[in-house]
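Quick note on labels: first sequence line is chain A, next is B, and so on, each numbered from 1. Only a predicted model underlies this, so the values are computations on that prediction, with no experimental measurement involved. Any value given below was found using the heavy atoms of this structure, including those in side chains, with hydrogens, waters and symmetry copies removed.
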Protein chains: 2
Amino acid sequence: MSQSLKTILSLRELILSGELKPGERLSELSIVDRLGVSRTPVRMALVRLEEEGLLEAIPSGGYAVRHFSEADIFDAIETRGTLEGLAARLAAERGPSPGQIGEIKACLRKLDILIQDEHGADTLTGYVELNEQFHQLLIHMSGSRVVARQIERAVALPFASPSAFVEVQAMLPESRAILLVAQEQHRSVVEAIERREGARAEALMREHSRVAHRNLVMALDHQGARELVPGMALIRQSA
Amino acid sequence: MSQSLKTILSLRELILSGELKPGERLSELSIVDRLGVSRTPVRMALVRLEEEGLLEAIPSGGYAVRHFSEADIFDAIETRGTLEGLAARLAAERGPSPGQIGEIKACLRKLDILIQDEHGADTLTGYVELNEQFHQLLIHMSGSRVVARQIERAVALPFASPSAFVEVQAMLPESRAILLVAQEQHRSVVEAIERREGARAEALMREHSRVAHRNLVMALDHQGARELVPGMALIRQSA
DNA sequence: TTCAGCTATTATGTATCCCAAAATCATAAA
DNA sequence: TTTATGATTTTGGGATACATAATAGCTGAA
């Protein structure tokens, strides 16, 4: 593993865990001391994490940990939903290959099976994996590198990912119901794409992203649930 | 001006002018020789230009000039339109301040005056400036940093900018008609936002971006018009 | 006591050097 | 003639030394 990658991973962990607080300025030398790598990979990591959205450049030079408001999380989810809606519409309009449709239907079936089981031991990680795979396949079906790239960037924010809220969701009593609704949306989107119904596919994908909105509200209300949301350490009320 | 910035500007110019051809691998040392700066700012510039989308990272290390297809331009425009549509909807739903509405209406009036004049000497640069300002104000009215950032990134691709096609458009016989339509869309979007009509504002902004689609088709047909489109040097048929 | 200005320190920006890995080319063997 | 292997060269990643700009702290004067 390269020193740069090691530094990126370490810094990201420090930021997401809240050890480095929002607004805190990151001096290159302090990171050098902390992580034991030289300034070159540190600088590389700082640039990459700014691109990712976790850091912001200070006008006079250097970087600080970025802070977000609750509204920012909302907007990030809405942005992802909008872009995934675009991807779904493009997929529907352009008509994906039978192979792609087969793949995503196989993914749907696996999710069905997983959901049928009452929540077992590692059901959660399995769900996260399959859910991410579904979203990935959908993006691929759009057939657009440009859109795919844009979604990648939108999802880079930790709380914007399609599975950012599965952990909090699992804590809720209505958890299972939400899962069923989400899966119904998955199924309907695929159906819409198959039938070349672009507007429907887009609307469904947008609405699908809004289960995250609901989970967000839940997470904000229940004090214990907050730390289950990745990146929650970056949230400041007044930001 | 810093060496890094100088390198970024020089490299971008070399890429957009087509002097560095799509697919061409960029060796750090060759750039050092070419531009007379050391490797450090060169490396920094390469990272930033990859982020911008002009370069792509090679798995084994290093960077190559990215190439795009005509479909990619189409998708980039559609992506921008979708995100600007999101911004317009958010602006409408949230209700911008009277000051913001005043600002964008002032911008509209200036555009009106400019369009009324028969095409004068520097009407074009004036139009580009006001047009960009309009789009900027609209983004600001959304009230969302997250959305603003995402649009910034989408617009970084040279042919995705709101004013990427004004030069080709100016060559067309129906140029004036297109301008009038675009301005009507500007006006309608502001009206929709004022009336808190989110769906209308979004649809209008999307449709507005599609004047670029039309101009793109024109540019691709007329051989002389191609080089008026920024970034056209990056287009490969089969990409 | 407060503010201005200077200085010292620390931070980032830049250049250069070293090293490891990968691509390439040449040569030899099948 | 083709393929495999080894040497050479090139390239990129990393470390460090140097230059320059920013900042904080201190001193002196109002």
Side-chain angles (χ1 to χ4, degrees), chain A residues 1-15 18-67 149 152 156 234, chain B residues 1-15 18-67 149 152 156 234 236 239:
Chain A
M1 182 189 294
S2 76
Q3 298 292 78
S4 292
L5 188 56
K6 178 181 153 190
T7 311
I8 291 176
L9 295 176
S10 304
L11 270 183
R12 189 188 287 139
E13 180 54 31
L14 286 173
I15 294 169
E19 201 157 338
L20 296 171
K21 299 201 185 315
E24 183 174 344
R25 183 168 184 164
L26 295 185
S27 126
E28 292 179 3
L29 290 182
S30 67
I31 301 170
V32 166
D33 290 342
R34 194 161 194 162
L35 301 181
V37 295
S38 82
R39 279 184 61 204
T40 306
V42 167
R43 288 178 62 89
M44 208 53 86
L46 290 172
V47 171
R48 297 243 109 105
L49 290 174
E50 187 221 358
E51 178 187 340
E52 190 172 321
L54 295 183
L55 300 179
E56 60 189 345
I58 297 173
S60 64
Y63 297 90
V65 179
R66 195 158 160 214
H67 52 85
R149 189 180 154 95
E152 258 176 49
L234 301 174
Chain B
M1 180 189 297
S2 77
Q3 298 291 76
S4 293
L5 188 56
K6 177 180 154 192
T7 310
I8 291 175
L9 295 176
S10 305
L11 271 182
R12 190 188 285 138
E13 180 55 31
L14 286 173
I15 294 168
E19 201 158 337
L20 295 171
K21 299 201 186 314
E24 185 173 345
R25 183 168 184 165
L26 296 185
S27 127
E28 293 179 1
L29 290 182
S30 68
I31 300 171
V32 165
D33 291 342
R34 195 161 194 161
L35 302 181
V37 294
S38 83
R39 280 184 63 200
T40 307
V42 167
R43 292 183 61 182
M44 208 54 84
L46 290 173
V47 171
R48 297 242 108 106
L49 290 173
E50 188 221 359
E51 179 187 340
E52 191 172 321
L54 294 182
L55 299 178
E56 60 190 345
I58 297 174
S60 63
Y63 296 91
V65 179
R66 192 155 163 220
H67 52 85
R149 188 179 155 94
E152 256 176 48
L234 301 174
R236 283 279 173 81

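In this structure, the nucleotide among D:dG12, C:dA15, D:dA15 sitting nearest to the side chain of A:Gln3 is D:dA15. Closest contact between the side chain of A:Ser60 and the listed nucleotides D:dG12, D:dT23, C:dT14 involves D:dT23. Checked against D:dG12, D:dT16, D:dA15, the side chain of A:Ser38 finds its nearest nucleotide in D:dA15. For A:Glu28, taking side-chain heavy atoms from C-beta onward, the closest of the listed nucleotides D:dG12, C:dG13, C:dA15 is C:dG13.
With hydrogens and angles ignored, no donor-acceptor pair under 3.5 angstrom links the side chain of A:Arg43 to the base of D:dG14. Donor-acceptor pairing under 3.5 Å, judged by distance alone, is absent between the side chain of A:Ser27 and the base of C:dA11.
Among the heavy atoms of the strands lying under 4.0 Å from A:Thr40 is at least one base atom, whether or not backbone atoms are also near. Looking at heavy-atom distances under 4.0 Å, A:Leu26 makes contact with sugar-phosphate atoms alone, never a base.
When the P atom of C:dT10 is taken as reference, atom CZ of A:Arg25 falls 14 Å away, rounded to whole Å. The nearest whole Å value for the distance from the CE atom in B:Met1 to the P atom in C:dG13 is 16 Å. Atom CE of B:Met44 and atom C1' of D:dG13 are 13 Å apart (whole Å). Taking atom CG of A:Leu29 as the reference point, atom P of D:dA17 lies 13 Å away to the nearest angstrom. Here the P atom of nucleotide D:dT11 and the OH atom of B:Tyr63 are 16 Å apart, to the nearest Å. Rounded to whole Å, atom C1' of C:dT14 lies 12 Å from atom NZ of B:Lys6. Across the protein-nucleic acid pair, B:Glu50 atom CD and D:dG12 atom C1' stand 15 Å apart, rounded to whole Å.
In this structure the side chain of B:Val47 reaches within 4.5 angstrom of the side chain of A:Arg48, judged on heavy atoms. A:Met44 places a side-chain heavy atom less than 4.5 Å from the side chain of B:Arg43. Counting heavy atoms from C-beta on, the side chains of B:Leu46 and B:Glu28 come closer than 4.5 Å.
Nearest heavy atom pair, residue B:Leu20 against residue B:Arg34, reads CD2-NH1, 3.6 Å. Contact between B:His67 and B:Pro22 at its shortest, heavy atoms only, is CB-CB, 3.4 Å.
Map A:Leu5 and A:Arg39 each onto its nearest nucleotide of DNA chain D; the residue landing nearer the 5' end is A:Leu5.
Note on A:Ser4: every side-chain N or O is 4.0 Å or more away from OP1 and OP2 of D:dG13.
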